[in-house]
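Bear in mind that the values here come from a model prediction, so they are computed numbers and not experimental data. Counting starts at 1 for both ligands and their atoms, in listed order.
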Amino acid sequence: MATHKLLLLPGDGIGPEVMREVEKIVGWFRKRGLGFETETDLVGGSAYDAHGAAISDAAMSRAQEADAVLFGAVGGPKWDSVPYAVRPEAGLLRLRKDLGLFANLRPAICYPALADASSLKREVVEGLDIMIVRELTGGVYFGEPKEIVTLEDGSQRAVDTQLYHTHEVERIARVAFDLARKRRNKVSSAEKMNVMKTGVFWRQVVTRIHKAEFSDVELEHVLADNCAMQLVRWPKQFDVIVTDNLFGDILSDIAAMLTGSLGMLPSASLGAEDPVTGQRKALYEPVHGSAPDIAGKGLANPIAMIGSFGMALRYSFGLLDEADRLDRAIANVLASGTRTKDIAAPGANAVGTQDVGDAIVKELEAQS
Ligand code: NAD
């Protein structure tokens, strides 16, 4: 039996509460004969309290050895004034950097039962299933020079640099095309080639990789501003959208809100393929933060975290049937009306974090 090594990093605030529900799901799959081995470690403020760092070297080497890392959330008012280098987010940034996680995958799925929670009309979002693939380690957030300079006349000049190398665009394009082949076989590549050299370059590289390696996949190019508009006008026209770090940041937040609540949104960050095993380093996390306002109250919606584990089943372990089964269980639980407060229908009774985890396990059981 294959063994899948999972490192759990619950973090702070609601992180440990939603991770506990994932452990129930992992436990259920384990009972059904799947070989999951889990280890747990600290990250964020809790790691700072224990070790004076947002993630310890020991936890980092566990992350390097794991087949996948499941990350809860970090941060909270308690750590707002700790030194910048050891602030809770530094743990996540180190994980992304040291594991080389260059591809951020954010699905936006609108469960029929939640279509009315979206700010858009039901017919626009119901049944929506799109994937935004964002380049995560390059572009304008990291390019140098990045500075504010005072000039001789006393005025100032600020510079950020949008910078991409061939290999950075090639590898994110391959991730997007690969994903599309397993979905509806369409990639929309978003940039601003009308006003940016990096946009011209992005389009050239994506076109070349498409022609050479993925000509069976449909490719369209779209200007990033038009893409934002189209996402709100008729999002179902998209399957996979691939874009750079900055545009991906914005477009994925737009797509996120199509589906209702922050508590529903999973994500994956993937690294390069190991040339021998074909495995990618991977980290799975909900999009939401540590929600200090509801932490410790048992109110958090665990579905984003559980859905993140579902993405690990699909993208790290190739357990597609199990991932589909988990998705169906989540959809059925939502359809039955079992919901936390953030997604409860107006006037309906909301349940707690543990109730949702229990209901999903029960639903998994009922399907088998
Ligand atoms: P947040 O995502 O934690 O919360 C925003 C709002 O959404 C809050 O009202 C919260 O109660 C609600 N919410 C979030 N997740 C929910 C869930 N699963 N179920 C129900 N409601 C949920 O964002 P914030 O308030 O801006 O930040 C709080 C802390 O989290 C800060 O310290 C911030 O730095 C940190 N943060 C961490 C991450 C991360 O770990 N990746 C991401 C964003 C923010």
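For N104 and S269, the side-chain atoms include at least one donor-acceptor pair closer than 3.5 Å.
Checking side-chain atoms of E168 against main-chain N and O of H165 turns up a donor-acceptor pair under 3.5 Å.
Here W202 and Y164 bring their ring centres to under 6.0 angstrom of each other.
A side-chain contact (heavy atoms from CB on, under 4.5 Å) with N301 holds for exactly one of T340, T353, I306; it is T340.
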Hey, what polar pairs (N/O, under 3.5 Å) does ligand 1 make with protein?
| residue | atom | partner | partner atom | Å |
| --- | --- | --- | --- | --- |
| ligand 1 | 2 (O) | G289 | N | 2.7 |
| ligand 1 | 3 (O) | G289 | N | 3.4 |
| ligand 1 | 3 (O) | S290 | N | 3.2 |
| ligand 1 | 3 (O) | A291 | N | 2.8 |
| ligand 1 | 9 (O) | D293 | OD2 | 2.8 |
| ligand 1 | 11 (O) | D293 | OD1 | 2.9 |
| ligand 1 | 11 (O) | D293 | OD2 | 3.0 |
| ligand 1 | 18 (N) | H288 | NE2 | 3.3 |
| ligand 1 | 18 (N) | N301 | O | 3.0 |
| ligand 1 | 19 (N) | N301 | N | 2.9 |
| ligand 1 | 30 (O) | S290 | N | 3.1 |
| ligand 1 | 30 (O) | S290 | OG | 3.1 |
| ligand 1 | 32 (O) | G76 | N | 3.1 |
| ligand 1 | 34 (O) | E89 | OE2 | 2.7 |
| ligand 1 | 40 (O) | V74 | N | 2.8 |

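A tilted orientation is assigned to the rings of F36 and H4, their planes being inclined by 30° to 60°.
In the hydrophobic clustering of ILVMFWY residues, with side-chain heavy atoms under 4.5 Å counting as a link, M60 and F102 come out apart.
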